[in-house]
Amino acid sequence: MSISKTYLPKETEDKWYSYWLKHDFFKSVPDEREPYTIVIPPPNVTGVLHMGHMLNNTIQDVLVRRARMKGKNACWVPGTDHASIATEAKVVAMLKERGISKKDLTRPEFLAYAWEWKEKYGGIILEQLKKLGASCDWDRTKFTMDEDLSEAVIDTFIHLHKKGLIYRGVRMVNWDPQGKTAVSDEEVIRKEVNQKLYYIKYSVAGDGLPVAGEEVSSVADEATGNTQHATHNYLTIATTRPETIMADAAICINPNDERYLHLHGKTVFIPLINREIPVILDEYVTMDFGTGCLKVTPAHDLNDYELGQKHNLPVIDILNDDGTLNEKAQILVGEDRFAARKKIAVLLDEAGALTKVEDYKSQIGFSERTDAVIEPKLSMQWFCKMSEMAKPALDYVLNGEVKLIPEKFINTYRHWMENVRDWNISRQLWWGQQIPAWYLPNGEFVIAKNIEEALEEAKLKTKNPQLTIQDLAQDPDVVDTWFSSWLWPISVFNGFKDPENADINYYYPTNDLVTAPEILFFWVARMIMAGHEFRGQAPFKNVYLTGIVRDKLGRKMSKSLGNSPDPLDLIEQYGADGVRVGMLLCSPAGNDLMFDVSYCEQGRNFANKIWNAFKLIKGWEVDASLANPNEIAIEWFGSRFNQALGEIEDNFAQYRLSEALMATYKLVWDDFCAWYLEMIKPVYLQPIDKVTYTTTVQYFENILKVLHPFMPFLTEELWHDELLGERAEKDCCIVAQLPNIGEINTQLISEVEIVQIVLTQIRNIRNTKQISPKEALELSYKSNSGVNYQQYQAIISKLGNISQFSEVDDKVIGAVNFIASTDEFFIPLSQNLDPVAECARLGKEKEYLLGFLKSVNAKLGNERFMSNAKPEVIEIEQRKRADAEAKLNIIEQNLIDLAC
RNA sequence: GGGAGUUUAGCUCAGCUGGUUCAGAGCAUCUGCCUUACAAGCAGAGGGUCACUGGUUCGAACCCAGUAACUCCCA
């Protein structure tokens, strides 16, 4: 049977994924084993797999597979998020294509379309995750709008309202005038935009009539270059939003601003509409920004709103929900805000109230979904009080019950939790859980699970038994999507409806959560709050925060930039295992990763390397009559393997996945392939002895186990090859148990390290002297260190192509020599040595050693070092000195011999 | 404006409690090899003023202060 020259992922991936599914290896039910649980951060149901998911889910799968192989009952719960705004946008777009407008539909009609869309297109992403090898328990797949999950949302709402933690109020929200809904902070994308800064004059009352065109003197301060903007007739403000001047409630100046002392207590007139507003004083105003006079527009700016509250200013909202000006603006009514901005600039200019226009760069918020400029807007919304719930959630992290990885996020987390704002939980959408509030004819409302209960409540509340269902109107809004996802770790196990069920008691709290730092507050923090509120326990023990996937240039990967490769294409090209390895190679926890396809290439090459090692072993013929010549090699690799196993374990314990992978990579590529297999490899077409063969096969099988979490498909494929023996149907790599760490012969490992240096030196000599590897050489040595090189003779001879290997008591004159550890090695060559070059080389080495010795001696001769340093440090320094002196002796002797 | 973080080889990153031979890895680079597992490979080599300036210390990539550049979060 011929084996392909390279590993072919396409022939194995689907095959083994179906096999795993068929044998229920991903399935988890509570049993006596220790559970290991991860709940997936539910991707948007509208989502398609991008590089961020790829990274995130690779990490989760590695953790889950490893836990499974450590004998735990591993459960990875998958699912999707209903993503109100994103999905509603998709559905509206779909309807538009069919010529249907949302406003012509009733709510139930619209929702029917939405469900239709969800059934048809939703959850593609889960299918894509299977390509990656994700070993989720698919039978547990949940959706945040599943009946029981929605019920949990409603119950939670009622519960929190009863506790007084949910209230209704007017607040400044991020308003999307295109989607006509409030959006959450994280759905606002801030971008730097080129804008204009308009300088507008307001006339001061009592200082003359607000007549345009009156002579105004502006006094420039030569020293500072500042222009004094307030004359006795006018003051000037700078704004990027001149269309909102009609909503101004005051002008604010800093009380310490000496330029404007004369304005204290005055009032001014808004240009064009001549409404009179006060000048107020507040240190909030920065004196050196703009003119130092700030227009205060409480209805259209968050900071102004807060300032307005402080100073009891009226709120004049001049914008409609769609971003056009309303009649309160008095002028330009019905114009869109941006058209109005241009027009008002012209009007102001004509009125002589516009003194100048400057270019200005600033951050502006855009709606993630519609890309409309976000308008800060006051509106009646539902809010969830945060401060009470934030306290215990902060404590979990501070006292280490919930560990953030990496720890640097603790500070950020604390900062946020200590300054937490109430959470706007209502959204002006239809897709989602409708707020369980019913309004009564008198304007009051009741909160209830359904309309029947609401009616009962209403009758009690109004003491009017005549009320009917027709008198009640349910709040049309839905709750924020995060208001369902914060319950996720509990709701996926049905922990609300049935709080004592076997699943939740077994799987909760979960072990690890793997997510992006961007949603640490919006999701992670709130899950901890909900976990505490509803279960009295944090929902997970560790939070692994991944970085953002960026391109080579450091730009965030995004659809609009087109700099994101399609993960499925990558899998197609490099194989799922190759891509998984590629993702992990460049992903330190919590740091962004600069992704480049070359990492996937490296992953693919690694898969190929393993494949070829397998091919080599598989090709060997066994001759049972042969003695085992490889005892040392076998013991050495066994020790190295155990040592590496420890390193890998240690890396995993610290969630250093990319280092765990690198340790595995080097174990396989360097130790196993480059050294061990070369040591034991029989001459071409010669048979191998039985012991070496079976041990090597055993080693290979152990390597497959260690590799499996990273490279599940390749390892499963090789696991089932006849090379590794007969397999029962359920004897699969995915459920194999990781080997335990066995004995480690550290002396052997360090001696082999010296042997490796010897071999490297021999090869180096071949390279520099242009001696073919095929040409056998003689090697003799003078041991000063006590290492018994005779036991490594077979290895050195084989890998160095040494025909004669002998110990000598005296140096070999005229031979090429090198030092390994403190031992001298000699290779006699037919060609003559170049004494000049040799002298130069030795001279350099001597110089280096002298310098080194000097620094060591300086330390050892320093009384303070001797009295302060730890004994083991002193011992190390002494050994360094002894070694250096020994080497120096050899080199000096060589120099004498060469008569340099 | 407030907060957090980063800066070590061409690139991506390790470097733990300050102390192994004046800093390690992978990739990339260079040189030589189509050596019967693998050219997606093998062998070897080169490459760093640890951002900068001071300080503490017997000793600093590591601790402290300042400076600069970049990134993120919040406003």
Side-chain angles (χ1 to χ4, degrees), chain A residues 3 5-7 185-186 190 284 286 289 302-303 306 363 406 408-416 419 421 517-518 520-521 547-548 550 552 554 556 574 578 585-588 590-596 598-599 601-620 650-651 654 656 658-659 661-663 665-666 669 673-674 677-678 681 683-685 759-768 770 772-774 799 801 848-849 851-856 858-870 872-877 879-881 883-884 887:
Chain A
I3 310 169
K5 208 171 164 186
T6 54
Y7 168 58
D185 293 336
E186 69 277 10
R190 293 186 171 275
Y284 165 78
T286 321
F289 179 80
L302 182 58
N303 295 316
E306 281 166 6
Q363 295 270 317
K408 68 177 181 185
F409 286 107
I410 294 174
N411 281 338
T412 326
Y413 182 83
R414 176 175 38 209
H415 187 254
W416 192 77
N419 298 286
R421 306 165 78 101
E518 337 171 74
L520 181 57
F521 310 128
I548 295 165
R550 298 175 178 279
K552 235 177 157 177
K556 194 171 168 174
Y574 299 103
L585 278 175
C586 58
S587 56
N591 279 344
D592 290 356
L593 52 111
M594 310 297 164
F595 179 81
D596 186 77
S598 64
Y599 289 107
E601 210 172 296
Q602 196 182 345
R604 179 203 57 185
N605 294 354
F606 185 41
N608 200 38
K609 186 74 190 175
I610 299 159
W611 179 259
N612 276 292
F614 156 78
K615 251 178 76 179
L616 174 69
I617 301 168
K618 194 169 163 70
W620 288 337
D650 195 49
N651 285 324
Q654 296 177 68
R656 299 172 165 210
S658 97
E659 282 180 61
L661 172 58
M662 190 42 74
Y665 180 93
K666 285 194 270 193
W669 200 307
C673 293
L677 289 180
E678 292 300 331
K681 188 165 142 183
V683 177
Y684 181 57
L685 290 180
L759 287 164
T760 302
Q761 293 283 7
I762 296 170
R763 289 163 178 169
N764 192 6
I765 287 165
R766 284 183 189 278
N767 254 339
T768 49
Q770 296 188 310
S772 156
K774 286 177 188 161
L799 301 194
N801 192 12
Y848 164 79
L849 281 169
F852 175 69
L853 209 50
K854 200 174 152 193
S855 81
V856 176
K859 270 191 209 174
L860 289 170
N862 185 326
E863 257 175 60
R864 297 227 252 172
F865 173 76
M866 297 304 280
S867 54
N868 289 330
K870 282 177 272 183
E872 56 272 29
V873 173
I874 293 174
E875 206 180 304
I876 286 164
E877 292 298 319
R879 192 164 348 117
K880 273 156 67 172
R881 174 160 68 181
D883 281 4
K887 275 192 187 177

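The figures that follow rest on heavy atoms only: side chains count, while hydrogens, waters and symmetry mates do not.
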Item checked: Phosphate contact (B:rA40 OP1 or OP2) by A:Lys5 side-chain N/O below 4.0 Å -> no
Would you measure the distance from the C1' atom in B:rG24 across to the matching atom in B:rG47 and give it in whole Å?
14 Å
Per atom distances to the A:Tyr599 side chain, the nearest of B:rU36, B:rU12, B:rA75 is B:rU12
To the nearest angstrom, the NZ-P distance between A:Lys666 and B:rA25 comes to 7 Å
Assert: residue with more 5' nearest nucleotide on RNA chain B, out of A:Leu849 and A:Thr412, is A:Thr412
Point to revise | Gap in Å between the two C1' atoms, one belonging to B:rU31 and one to B:rC70, rounded | key: 37 Å
Measuring to OP1 and OP2 of B:rG5, would you say a side-chain N or O of A:Asn411 lies under 4.0 angstrom away? yes
Task: B:rC63 versus B:rC16 - spacing of their P atoms, nearest Å - done: 9 Å
Checking B:rA40, B:rA37, B:rC42 against the side chain of A:Trp669 (C-beta onward), the nearest is B:rC42
*Within less than 4.0 Å of OP1 or OP2 of B:rG41, is there a side-chain N or O belonging to A:Asn605?*
yes
A:Phe614 and A:Trp611: aromatic ring centres closer than 6.0 Å? yes
Nearest heavy-atom approach of A:Phe521 to A:Tyr413 is CE2-CA, 3.8 Å
- request: Quick one: label A:Asn419 by what it contacts on the DNA or RNA (base, sugar-phosphate, nothing), any heavy atom closer than 4.0 Å.
  value: nothing
A:Arg604 atom CZ is separated from B:rA39 atom C1', nearest whole Å, by 12 Å
| task | Using the P atom on both, measure B:rU49 against B:rU71 and round to a whole Å. | result | 25 Å
Using atom P of each nucleotide, how far apart are B:rG18 and B:rG59 to the nearest Å? 16 Å
Practice task
Look at A:Thr760 and B:rG44 and indicate whether a side-chain polar atom (N or O) is within less than 4.0 Å of OP1 or OP2.
Solution key: yes
Here the distance between atom C1' of B:rG59 and atom CZ of A:Phe865, to the nearest Å, is 8 Å
Winner on side-chain proximity to A:Gln602, out of B:rA4, B:rA37, B:rG26, is B:rG26
To the nearest angstrom, the CZ-P distance between A:Arg656 and B:rC13 comes to 15 Å
Separation of B:rA45 atom P from A:Gln761 atom CD, nearest Å, is 8 Å
B:rC70 -> Watson-Crick or G-U wobble partner, both distances under 3.5 Å, gives B:rG5
Among the nucleotides B:rA37, B:rU12, B:rG44, whichever has the atom closest to the side chain of A:Asn767 is B:rG44
Quick note, A:His415 side chain, CB onward, closest among B:rG3, B:rG44, B:rA75 is B:rG3
Interatomic distance at P, B:rC52 relative to B:rU7, whole Å: 13 Å
ask   = Looking only at side-chain N and O atoms, does A:Lys609 come under 4.0 Å of OP1 or OP2 in B:rG41?
value = no
Classify the side chain of A:Glu678 versus the base of B:rA37 as yes if they form a donor-acceptor pair under 3.5 Å and no if they do not.
yes
A:Lys859 atom NZ is separated from B:rU57 atom P, nearest whole Å, by 18 Å
Problem - A:Asn608 side chain to A:Arg604 backbone, donor-acceptor under 3.5 Å - result: no
Practice prompt. Quick one: label A:Tyr665 by what it contacts on the DNA or RNA (base, sugar-phosphate, nothing), any heavy atom closer than 4.0 Å.
Written response: sugar-phosphate
Among B:rA4, B:rU20, B:rC38, the one nearest any side-chain atom of A:Ile876 is B:rU20
Heavy atoms of A:Lys609 and A:Cys673 approach each other most closely as CE-CB, 3.7 Å
From CE of A:Met662 across to P of B:rG24 the rounded distance in Å is 17 Å
So what does A:Ser598 touch, heavy atoms closer than 4.0 Å: a base, only the sugar-phosphate, or nothing? nothing
Using a cut-off of 4.0 Å on non-hydrogen atoms, how would the nucleic acid contact of A:Trp620 be classed: base, sugar-phosphate, or nothing?
nothing
- For B:rG15 versus B:rG19, give the span between their C1' atoms, rounded off to a whole number of Å. 14 Å
If I pick the P atom on B:rC38 and the same atom on B:rC62, what distance separates them, to the nearest angstrom? 48 Å
A:Glu518 CD to B:rC73 P, in whole Å, measures 7 Å
